[in-house]
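Residue numbering restarts at 1 for every chain, and letters A, B, ... go by the order of the sequence lines. The shown structure was predicted, so the numbers you read here are calculated from the model rather than taken from an experiment.
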Protein chains: 2
Amino acid sequence: MQICMNWRSIKFDWNRARAFLVTAEEGSLSAAARALGMVQSTLGRQVEALEAELGVTLFERAGRRLVLTRNGRDLLEHVRAMGEAAGQVSMSASGQSELIEGTIRISATETFAAKRLPPVIAKLRKFQPEITVEVCATNKAVDLNRREADIALRHFRPTQTELIARKLSDDNAFLYAAPDYLAQIGDPSTPAALGDADFIGFENNDVYLKGLKQMGVEITEGNFRLITDSHNVHWELVKAGAGIGVTMDLIGDAEPQVKRVLPDLAPVPVSTWLVTHRELNTSRRVRIVFDFLAEELS
Amino acid sequence: MQICMNWRSIKFDWNRARAFLVTAEEGSLSAAARALGMVQSTLGRQVEALEAELGVTLFERAGRRLVLTRNGRDLLEHVRAMGEAAGQVSMSASGQSELIEGTIRISATETFAAKRLPPVIAKLRKFQPEITVEVCATNKAVDLNRREADIALRHFRPTQTELIARKLSDDNAFLYAAPDYLAQIGDPSTPAALGDADFIGFENNDVYLKGLKQMGVEITEGNFRLITDSHNVHWELVKAGAGIGVTMDLIGDAEPQVKRVLPDLAPVPVSTWLVTHRELNTSRRVRIVFDFLAEELS
DNA sequence: GATCCATTATGCAAATATGCATGAATTGGC
DNA sequence: GCCAATTCATGCATATTTGCATAATGGATC
């Protein structure tokens with residue numbers, strides 16, 4: 001019958017393409033093997049086989065390192081598109097799965113993951129023992145579209161329409177500093193007195209600055225002379241007297257080495273949103289965890 | 001290290017996704033097996049394994065027929081995207097390949113494939129025996145973007161910018177009919193006398209009508225009361241006296257059962273373009289065949 | 001320059017996937 | 001209503017792929 005169908009062009013081994021993709025992105029066969037839960041030799045042979053199958057040299061073996069050839073780079077672009085689509089397949093499939101057993105990856109900021117989540121997760125484990133939970137503590141906003149997590153806890157309102165969000169109860173954050181440091185800058189008692197203080201910043205200080213402004217503290221990017229992406233480091237810097245930091249009262253008030261800066265100042269409300277991908281929320285498993293977290297955290 | 005990488009979501013077996021794609025598109029495991037050069041049982045097991053892996057039922061086994069479930073249909077959409085990307089990978093790879101051995105698929109209209117190509121292809125086979133040639137005779141314009149062919153011969157100028165085209169020498173086409181039929185409509189001797197004649201049409205008559213108009217024959221869609229997508233059938237209908245048809249002088253003049261309609265009329269120039277995809281033209285193999293065809297057919 | 005560490009290559013046994021042959025079930029035509 | 005033609009499922013021998021253990025190689029560091 002029809003020999004003019006275009007299947008011939010997709011007849012190559014797709015798993016080899018996957019091996020190539022992950023190897024190129026991770027930078028080495030070994031790293032790719034770790035990422036995929038395989039051994040390095042398998043990946044090596046798959047990439048080699050792909051090169052033979054396509055008749056294209058993908059990597060230049062420069063010593064112990066693999067560097068992409070020009071052809072490899074050109075091809076990687078298209079293989080990435082395959083990977084993107086594969087991610088969509090996986091996401092859509094997870095969304096349709098009625099199975100409860102399986103893994104759910106929850107992303108949250110370091111502090112939230114360390115201080116608020118543990119008891120909730122522990123309860124969830126008892127409540128739904130078939131569900132494996134993976135907590136991803138990162139202060140970067142993971143890309144739910146790319147399935148870097150199934151459920152994320154965010155401190156800003158998500159805008160993308162592909163995402164579903166539910167607002168949880170607010171926490172209160174206050175400014176904290178070591179008594180030593182406060183003495184050093186003259187024990188400020190008004191917001192204006194903080195104009196020259198050192199604030200310990202995050203990678204993106206926009207929301208933080210806006211919150212401070214609402215409290216009446218008028219400072220600029222110039223006040224952030226210490227910046228870290230880690231809440232832990234942030235907090236340790238505060239304790240060490242490196243400047244003024246911010247954290248939830250739950251944590252700050254429990255720490256004897258620090259005290260509130262301007263205790264009468266209104267708190268910064270820290271809102272938390274529970275977020276998931278629209279496509280995932282049709283999954284029984286995701287729904288269960290999503291609803292459980294919403295219930296427990298609000 | 002980073003557990004927040006999104007590789008986990010693409011860890012499923014991509015070949016199984018391919019099996020699902022082809023099965024769903026072809027409509028059965030057996031058809032898919034034929035298309036991919038595998039056996040049906042392998043595909044069946046791969047699809048089954050994919051269902052288990054994703055936890056989603058893709059097909060409903062209704063008797064001997066597989067029908068997509070709702071979930072399967074949703075997923076197919078994304079798997080199609082994977083397939084599209086895979087096609088790009090393959091095309092790009094072919095374009096980069098310096099290997100000469102391999103297959104080249106040439107698409108041409110039925111008539112062209114049957115009457116003009118054979119001697120040229122025979123010569124090419126002698127000239128480049130490592131190249132396997134596949135001739136796809138179809139009157140539909142194959143989609144070069146989707147790699148339905150590597151090289152196409154077309155009778156209209158391609159407009160897409162991704163395509164590279166070279167114009168070949170023109171052929172002349174004339175109107176032909178069986179003497180019986182001509183007698184029946186009164187042996188017309190002027191273009192105007194053809195106003196009520198039956199013309200045998202193609203699926204899309206736009207270019208044909210335009211060509212006739214240039215010859216001074218003013219007819220409309222209404223004159224096409226017999227339509228076929230096959231040049232063979234078209235020609236057999238002409239020989240059988242079903243109406244007026246068109247073909248290249250090379251073929252028409254060689255057929256004793258028919259004669260030219262209005263022999264003094266100017267011929268319809270039939271231009272031919274040799275077309276390939278921009279990305280493929282960087283391939284040594286494609287270049288060789290493309291240049292050879294251009295040389296031999298102009 | 002010797003050593004350590006992490007990388008890629010290779011040999012081999014075990015696990016896995018594939019193709020073939022066959023059987024069962026279903027459709028469509030006469 | 002029966003027959004022929006397809007289709008999917010299954011058992012089994014064979015091919016292929018995978019993982020493991022172990023080299024071999026190349027950078028980095030002191």
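- A donor-acceptor pair under 3.5 Å is absent between the side-chain atoms of N71(A) and the main chain of V56(A), judged by distance alone.
- A salt bridge is defined here as a Lys NZ or Arg NE, NH1 or NH2 lying under 4.0 Å from an Asp or Glu carboxylate O, and E162(B) with R147(B) fails to meet this definition.
- Across all strands, S30(A) comes closer than 4.0 Å to base atoms (heavy-atom distances).
- F224(B) and F202(B) have their aromatic ring centers separated by at least 6.0 angstrom.
- Taking atom CD of residue Q40(B) and atom P of nucleotide dA24(C), one finds them 16 Å apart after rounding to whole Å.
- For the pair L36(B) CG and dT18(C) C1', the computed distance is 14 Å after rounding to whole Å.
- For R45(B) and dA9(D), the shortest distance from a side-chain N or O to OP1 or OP2 is not below 4.0 Å.
- Each end of the helix from dG1(C)-dC30(D) to dC30(C)-dG1(D) gets its own axis from five base pairs, and the two axes differ in direction by 40°, given to 10 degrees.
- Distance, L58(A) CG to dT8(C) P: 15 Å, rounded to whole Å.
- Contact detail for L99(A) and G55(B): the closest heavy-atom pair is CD1-CA, 3.9 Å.
- Residue M38(B) contributes atom CE, which lies 18 Å from atom P of dA15(D) at whole-angstrom precision.
- Rounded to whole Å, the distance from CZ on R16(B) to P on dT17(D) is 15 Å.
- For dA24(C), the OP1/OP2 oxygens have no side-chain nitrogen or oxygen of R61(B) closer than 4.0 Å.
- Sequence order on DNA chain D of the closest nucleotides to V39(A) and S28(B) puts S28(B) first from the 5' end.
- More than 12 heavy atoms of other residues, nucleotides or ligands shown are found within 6.0 angstrom of NZ on K239(B).
- Test I227(A), T111(A), I200(A) against H234(A) for side-chain contact (heavy atoms from CB on, under 4.5 Å) and you get one pass: I200(A).
- Phosphate proximity of dA9(D) to S41(B): absent, as no side-chain N or O sits under 4.0 Å from OP1 or OP2.
- Proximity note for R34(A) (side chain, C-beta onward) versus dT7(C), dG19(C), dC8(D): the nearest is dT7(C).
- Regarding R65(A), its CZ atom lies at a distance of 9 Å from the P atom of dT8(C), rounded to whole Å.
- To the nearest angstrom, C1' of dG19(C) lies 12 Å from CD of Q46(B).
- The 12-atom threshold is exceeded at CZ of R278(A), counting heavy atoms of other residues, nucleotides or ligands nearer than 6.0 Å.
- Across the protein-nucleic acid pair, L43(A) atom CG and dC20(D) atom P stand 13 Å apart, rounded to whole Å.
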